[in-house]
Amino acid sequence: MKKLTADFYKRDTLIVAKELIGKYIVHRVKEKNLVCRITETEAYTGVEDKACHAYQNRRTNRTEALYMEGGHAYVFLIYGMYDCMNVVTEEKNTPCAVLLRGCQPISPLDALAQQRYQKTYQQLTNYQKKNFGNGPGKLAKALAITREQNKASLLSEEFFLFEEEEDLPPVIGTSPRINIDYAEEYKEKHWRFFEVGSV
């Protein structure tokens with residue numbers, strides 16, 4: 001296991017978004033490390049990106065985490081119901097981030113299933129297993145990530161990302177980002193990355 005360092009995050013957002021595919025995210029909750037493998041991301045590239053929360057340099061209490069240096073969490077609420085986890089990228093005051101859109105549960109499966117469905121993993125239907133982490137709200141719920149983690153460092157012992165160097169590189173596909181019809185020409189950019197076969 002090799003923890004990702006600050007230097008990993010302080011790079012071009014599109015590079016980080018692609019390279020996060022196949023990495024693992026850890027959130028320590030109640031003395032258990034909840035671990036999922038990232039299978040889908042979306043890049044949001046700052047003040048010129050019409051889909052980014054910081055478009056035209058909108059700096060509010062909600063978006064303040066985006067202006068932190070790479071290696072922090074930006075967690076926000078959508079539809080008044082679902083928390084979404086983003087990895088802040090690039091340098092301080094460059095409001096870019098990568099939305100974690102999908103994941104595969106790794107360990108402990110029962111603890112992740114309890115977070116996601118209030119059941120043990122063996123109690124899940126095939127449908128529930130298939131849809132375990134295919135969406136940003138589902139990913140955050142499985143990993144017990146809420147707005148409590150907004151602005152948290154991803155370099156701590158309780159909340160971090162890592163890679164397994166012996167893993168084979170994932171085969172990565174791209175597409176336009178999802179549910180951003182308002183973003184005009186930016187809705188067409190292929191800034192969504194996913195592991196082929198995972199979506």
Side-chain angles (χ1 to χ4, degrees), residues 8-23 25 36 38-104 116 130-152 154 161 170 172-199:
F8 177 92
Y9 303 107
K10 293 180 186 179
R11 297 181 299 154
D12 181 272
T13 304
L14 295 173
I15 294 172
V16 176
K18 185 175 181 180
E19 293 189 4
L20 281 172
I21 303 298
K23 302 297 191 286
I25 180 168
C36 287
I38 298 166
T39 57
E40 185 181 352
T41 63
E42 286 181 346
Y44 290 85
T45 61
V47 297
E48 295 180 357
D49 181 353
K50 293 180 180 178
C52 182
H53 290 170
Y55 174 56
Q56 294 185 326
N57 214 29
R58 285 191 296 248
R59 192 162 186 167
T60 65
N61 287 338
R62 182 196 195 201
T63 64
E64 191 63 32
L66 281 171
Y67 289 83
M68 301 176 79
E69 65 182 359
H72 287 83
Y74 170 44
V75 184
F76 65 86
L77 189 71
I78 57 168
Y79 310 133
M81 297 174 62
Y82 305 112
D83 291 305
C84 293
M85 165 70 192
N86 296 257
V87 172
V88 177
T89 56
E90 305 198 23
E91 297 295 334
K92 187 175 180 179
N93 293 322
T94 307
C96 302
V98 176
L99 173 65
L100 303 184
R101 275 202 59 88
C103 70
Q104 168 192 1
R116 177 77 174 85
K130 181 181 178 182
N131 292 281
F132 194 97
N134 58 346
K138 297 174 184 180
L139 178 150
K141 188 171 182 182
L143 287 161
I145 295 169
T146 69
R147 278 160 293 158
E148 290 277 318
Q149 281 68 54
N150 189 43
K151 299 184 180 180
L154 294 172
L161 285 82
I172 297 173
T174 67
S175 80
R177 295 171 293 182
I178 294 172
N179 295 331
I180 57 163
D181 288 344
Y182 56 86
E184 299 177 353
E185 72 274 19
Y186 277 82
K187 74 179 183 180
E188 305 298 336
K189 295 187 181 292
H190 280 236
W191 290 352
R192 172 177 172 248
F193 302 90
F194 54 89
E195 183 171 21
V196 172
S198 69
V199 297

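Legend: residues meeting side chain to side chain donor-acceptor pair (under 3.5 Å) with Tyr186, ordered by chain and number and at least two apart, are absent. For Lys141, there are no salt bridge (charged side-chain N to carboxylate O under 4.0 Å, His left out) partners, not counting sequence neighbours. Looking at residues two or more places apart in sequence or on another chain, you find no salt bridge (charged side-chain N to carboxylate O under 4.0 Å, His left out) involving Glu188. With sequence neighbours left out, Arg177 forms a salt bridge (charged side-chain N to carboxylate O under 4.0 Å, His left out) with Asp49. Contacts of Lys50 classified as salt bridge (charged side-chain N to carboxylate O under 4.0 Å, His left out), with partners at least two apart in sequence or in another chain: Glu184, Glu185. By the side chain to side chain donor-acceptor pair (under 3.5 Å) test, Glu64 pairs with Arg59, sequence neighbours left out. Under the side chain to side chain donor-acceptor pair (under 3.5 Å) criterion, Arg62 pairs with no residue, sequence neighbours left out. With sequence neighbours left out, Lys138 forms a side chain to side chain donor-acceptor pair (under 3.5 Å) with Asn134.
We find the CD1-NZ distance between Ile180 and Lys189 to be 10.5 Å, quoted to the nearest 0.5 Å. Here the straight-line distance linking atom CD of Glu19 with atom CG of Asp12 works out to 10.0 Å at 0.5 Å rounding. One distance of note links SG of Cys36 with CD of Gln104; it measures 8.5 Å at 0.5 Å rounding. To the nearest 0.5 Å, the span separating CD1 on Ile38 from NZ on Lys23 amounts to 8.5 Å. In this structure, Asn57 CG and Glu48 CD are separated by 11.0 Å, a value rounded to the nearest 0.5 Å.
A side chain to side chain donor-acceptor pair (under 3.5 Å) check over residues 71-80, counting only residues at least two apart or in different chains, returns the pairs His53-Tyr74. Listed by first and then second residue, the salt bridge (Lys or Arg N to Asp or Glu O under 4.0 Å) pairs that reach into residues 86-101 are Glu40-Arg101, Glu42-Arg101, sequence neighbours excluded. Residue pairs meeting the salt bridge (Lys or Arg N to Asp or Glu O under 4.0 Å) criterion with at least one member in residues 69-89, sequence neighbours excluded: Lys10-Glu69, Asp83-Arg147.
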request  = Using the side-chain contact (heavy atoms from CB on, under 4.5 Å) rule, take Tyr44 and Cys96 through it: C-alpha gap first, then chi angles, then the decisive distance, then the call.
outcome  = CA-CA 6 Å; Tyr44 290 85; Cys96 302; over 6 Å; no
inquiry  = side-chain contact (heavy atoms from CB on, under 4.5 Å), that's the test. Do Val196 and Ile172 meet it? Break it down for me.
reply    = CA-CA 6 Å; Val196 172; Ile172 297 173; 5.9 Å; no
query = Taking it one step at a time, do Gln149 and Thr146 satisfy side-chain contact (heavy atoms from CB on, under 4.5 Å)?
reply = CA-CA 6 Å; Gln149 281 68 54; Thr146 69; 3.4 Å; yes
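Side-chain atoms of Arg58 and Thr63 form no donor-acceptor pair, as typed in the model, at a separation below 3.5 Å.
Contact detail for Ala51 and Tyr182: the closest heavy-atom pair is O-OH, 3.6 Å. The nearest pair of heavy atoms linking Gly137 to Cys84 is N-SG, 4.4 Å. Contact record, Glu195 with Pro170: OE2-CB, 3.7 Å, taken as the closest heavy-atom pair. In plain terms, the two heavy atoms of Leu99 and Met85 that are nearest each other are CD1-O, 3.6 Å.
The main-chain N or O of Ala17 is found under 3.5 Å from a side-chain atom of Thr41 such that the two form a donor-acceptor pair. Without hydrogens or angle criteria, Thr39 side chain to Cys103 main chain gives a donor-acceptor distance under 3.5 Å.
Looking at Asn150, Leu66, Asn86 one by one, the single match for side-chain contact (heavy atoms from CB on, under 4.5 Å) with Phe76 turns out to be Asn86. Remark: of the listed residues Thr89, Ile15, Leu20, Leu20 is the sole one forming a side-chain contact (heavy atoms from CB on, under 4.5 Å) with Phe8.
Proximity of Gln56 to Val47: side-chain heavy atoms (C-beta onward) are nowhere separated by under 4.5 Å. Side-chain atoms of Tyr9 and Val88, non-hydrogen and from C-beta on, never get closer than 4.5 Å to each other.
Enclosure of atom OH in Tyr82 is not indicated, since only 12 or fewer non-hydrogen atoms of other residues, nucleotides or ligands lie within 6.0 angstrom.
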